Amino acid sequence: MNFIYGSVPWERPVSSQRPVLIFDSGLGGLTVLREARYLLPYETLIYVADDAAFPIGRWPEPELKSRILGLFADLVATHDPKAVVIACNTAFTLAGEALREAHPAIPFVGTVPAIKPAAEQTSSGLISVLATPGTVRRTYTRSLIESFASQCHVRLVGSDSLAVLAEKHLRGSEVSDEELLGEIADCFLEQDTRRTDIVVLACTHYPFLANRFRKIAPWPVDWLDPAEAIARQLVRVLGDEAAVAPSAAPDRALFTSNPREPGLSRLLSGFGLVLEEIGPR
Ligand code: DGL
């Protein structure tokens, strides 16, 4: 006999679902994955990290763009995803449009610096955008400022090493307050009686360091993390396609360097992911 609780059978059905791919260069996209998992508990997720290329914030644009497009040609052919989340500002601000053009049948949810919400929320009019050097350089970022924050003073702060420091911190290695302060200090601006009141975390790695930032900041600010908004956008995009019953397949993580670190597998299992092997690129 089958017990029915609401419309969900008591015995969990095994369904084969098309997955949602969540992509980043490393561990940063996990900040988005955990929000997506919360809002979409039944979705089959595959986390893809191009960690062989990490950190991508320093890559020249043409090489990085063609690497991302090449990687997605393989990923789409192999996994037939029903949606893709580019949980990476550096990748999406560069290749988002080209990815959508190359795969018109698949919805791509992007990550861009949260300049619009910051401009809506600031009281002082002084906003900083903390990002990789690549995101800071992008035309995309500049046009977000022109379109949505022309009335604000927006300071772009590019950090060469924060994504690397965030990965060290996540893996349990020592990262000093001095190192972090050196990277975020330029975000804090005083003009007459006004001070920066919002810092946009425009790299998905940085929310993992947000509590450290709060402790060492020269004064309190709002650290804007877009992860929840991105997950909500994924829910909207999936609409009726969202899974309503659990799948038997575990959520998987694919890392392009094929790392074999037990510590990484443990870390990923804390996010509900099983690390699997894939061929190196
Ligand atoms: N997590 C990525 C982002 O949101 C970048 C990290 C890297 O430099 O590879 O921009």
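For ligands, and for the atoms within them, numbers begin at 1 and follow the listed sequence. It should be emphasised that the depicted structure is a prediction, and the values quoted were computed from it without experimental measurement.
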> Quick test of your reading of the model: are E174 and K168 salt-bridged, counting only N-O distances below 4.0 Å?
no
> Can the ring centres of F72 and F23 be said to be less than 6.0 Å apart?
yes
> Output yes when R142 and E146 qualify as a salt bridge under the 4.0 Å nitrogen-oxygen rule, no when they do not.
no
> Start with the C-alpha gap between E120 and K116, add the side-chain angles, then the distance that decides, and say whether salt bridge (charged side-chain N to carboxylate O under 4.0 Å, His left out) holds.
CA-CA 6 Å; E120 287 162 0; K116 184 170 185 258; 3.6 Å; yes
> Considering only NZ, NE, NH1 and NH2 on the basic side and carboxylate oxygens on the acidic side, decide whether E35 and R232 come within less than 4.0 Å.
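Salt bridge flag = no for R232 with E35.
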> May I have a table of the N/O to N/O pairs between ligand 1 and the protein that fall below 3.5 Å, each row giving the two atom names and the distance to 0.1 Å?
{"from": "ligand 1", "atom 1": "1 (N)", "to": "D24", "atom 2": "OD1", "distance (Å)": "3.0"}
{"from": "ligand 1", "atom 1": "1 (N)", "to": "D24", "atom 2": "OD2", "distance (Å)": "3.4"}
{"from": "ligand 1", "atom 1": "1 (N)", "to": "T204", "atom 2": "OG1", "distance (Å)": "2.9"}
{"from": "ligand 1", "atom 1": "1 (N)", "to": "H205", "atom 2": "ND1", "distance (Å)": "2.8"}
{"from": "ligand 1", "atom 1": "4 (O)", "to": "N89", "atom 2": "N", "distance (Å)": "2.9"}
{"from": "ligand 1", "atom 1": "4 (O)", "to": "N89", "atom 2": "ND2", "distance (Å)": "3.2"}
{"from": "ligand 1", "atom 1": "4 (O)", "to": "T204", "atom 2": "N", "distance (Å)": "2.9"}
{"from": "ligand 1", "atom 1": "4 (O)", "to": "T204", "atom 2": "OG1", "distance (Å)": "3.3"}
{"from": "ligand 1", "atom 1": "8 (O)", "to": "I56", "atom 2": "N", "distance (Å)": "3.4"}
{"from": "ligand 1", "atom 1": "8 (O)", "to": "G57", "atom 2": "N", "distance (Å)": "3.0"}
{"from": "ligand 1", "atom 1": "9 (O)", "to": "S25", "atom 2": "OG", "distance (Å)": "2.7"}
{"from": "ligand 1", "atom 1": "9 (O)", "to": "I56", "atom 2": "N", "distance (Å)": "2.7"}
{"from": "ligand 1", "atom 1": "10 (O)", "to": "N89", "atom 2": "N", "distance (Å)": "3.4"}
{"from": "ligand 1", "atom 1": "10 (O)", "to": "T90", "atom 2": "N", "distance (Å)": "3.0"}
{"from": "ligand 1", "atom 1": "10 (O)", "to": "T90", "atom 2": "OG1", "distance (Å)": "2.5"}

> Under 4.0 Å between a side-chain nitrogen and a carboxylate oxygen: does that hold for E43 and K82?
yes
